[in-house]
Amino acid sequence: PLLSFQQRLSYTTLSDLALALLDGTVFEIVQGLLEIQHLTEKSLYNQRLRLQNEHRVLRQALRQKHQEAQQACRPHNLPVLQATQQRELEAVEHRIREEQRAMDQKIVLELDRKVADQQSTLEKAGVAGFYVTTNPQELTLQMNLLELIRKLQQRGCQAGKTAL
């Protein structure tokens, strides 16, 4: 995969990328974008955890309510009560699935928006190969470019430490 990535990078793209990296600004931009991405991912993860916890509490409360109703119920009314409770449980489970699906869609949209923001920021900063796209091949190329920038940044930091 690395070879095909290298084959897709023209000399001009590499040359433009090298020029953009010279003053270190791009490294700072990439670092800033990475930090924003991590904060966004953590926030979205925590929102999903909160929703899952609310659902767990909801299920527990429903089970408790159903148990108490069954204990207070007369034996001859139990089948009707159980059928009603089953319908209620199915309705709650359906609502939970819908809320989880909506949350997951929100997360995907938010992450897609972040990717577009990152692409736009890097394009405006003059980083070769970056522009807003949803094309999977171009996204892979951009991810590889970002990885290359990060590795160059790490090497630069290590070289700076050894120079001291």
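Hydrogens, waters and symmetry mates play no part in the numbers below; they use all other heavy atoms, side chains included.
- Between R150 and L34 the shortest side-chain heavy-atom distance falls below 4.5 Å.
- Note on M103 and I96: separate hydrophobic clusters, where clusters join Ile, Leu, Val, Met, Phe, Trp and Tyr whose side-chain heavy atoms are under 4.5 Å apart, directly or indirectly.
- In summary, R101 and E98 engage in a salt bridge, as defined by a charged side-chain N under 4.0 Å from a carboxylate O.
- Considering CZ of R56 and CG of L51, their distance stands at 12.5 Å, rounded to 0.5 Å.
- V30 has its side chain out of reach of V127: every pair of non-hydrogen atoms, C-beta onward, lies at least 4.5 Å apart.
- The closest side-chain heavy-atom distance from E90 to Q86 is below 4.5 Å.
- A distance of 10.5 Å separates CG in L146 from CG in L139, rounded to the nearest 0.5 Å.
- For I29 against A125, the heavy-atom pair with the smallest separation is CD1-CB, 3.6 Å.
- No side-chain heavy atom of R63 sits less than 4.5 Å from a side-chain heavy atom of L89.
- Taking 4.5 Å as the limit, some side-chain heavy atom of V115 sits within range of a side-chain heavy atom of Q119.
- With rounding to the nearest 0.5 angstrom, the NE2 atom of H55 is 13.0 Å from the CG atom of L62.
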*Begin from the C-alpha positions of E110 and K106 and carry the test salt bridge (Lys or Arg N to Asp or Glu O under 4.0 Å) through to its verdict.*
CA-CA 6 Å; E110 181 67 27; K106 176 189 168 211; over 6 Å; no

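- A distance of 11.0 Å separates CG of L122 from CG of D117, quoted to the nearest 0.5 Å.
- When all heavy atoms of L33 and Q118 are compared, the closest pair comes out as O-NE2, 3.7 Å.
- In this structure, the side chains of T121 and F130 stay at 4.5 Å or more apart for every pair of heavy atoms.
- Note that OG1 of T40 and CD1 of I107 are 11.5 Å apart. Values are rounded to the nearest 0.5 Å.
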*asked:* Between Q64 and Q60, is the side chain to side chain donor-acceptor pair (under 3.5 Å) condition met? List the steps.
replied: CA-CA 6 Å; Q64 182 70 31; Q60 283 177 334; over 6 Å; no

*Evaluate salt bridge (Lys or Arg N to Asp or Glu O under 4.0 Å) for E41 paired with K114, printing each intermediate quantity in order.*
CA-CA 10 Å; E41 288 170 354; K114 274 293 166 233; over 6 Å; no

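- Note: Q153 CD to L21 CG = 9.5 Å, rounded to the nearest 0.5 Å.
- Looking only at side-chain heavy atoms (C-beta outward), Q70 and Q85 come within less than 4.5 Å of each other.
- Side-chain contact check for H66 and E88: at least one donor-acceptor pair (N or O, by modelled atom type) lies under 3.5 Å.
- Side-chain N/O atoms of N135 and T133 include no donor and acceptor closer than 3.5 Å.
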*Yes or no on side chain to side chain donor-acceptor pair (under 3.5 Å) for Y131 and Q142, after CA distance, side-chain angles and deciding distance?*
CA-CA 9 Å; Y131 55 92; Q142 290 179 352; 5.3 Å; no

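- Without hydrogens or angle criteria, N53 side chain to L49 main chain gives no donor-acceptor distance under 3.5 Å.
- Closest non-hydrogen pair, C73 versus L78, comes out as SG-N, 3.6 Å.
- A salt bridge does not link R50 to E54: none of the charged nitrogens lies less than 4.0 Å from a carboxylate oxygen.
- Put simply, the side chain of K151 reaches to within 4.5 Å of the side chain of E147, judged on heavy atoms.
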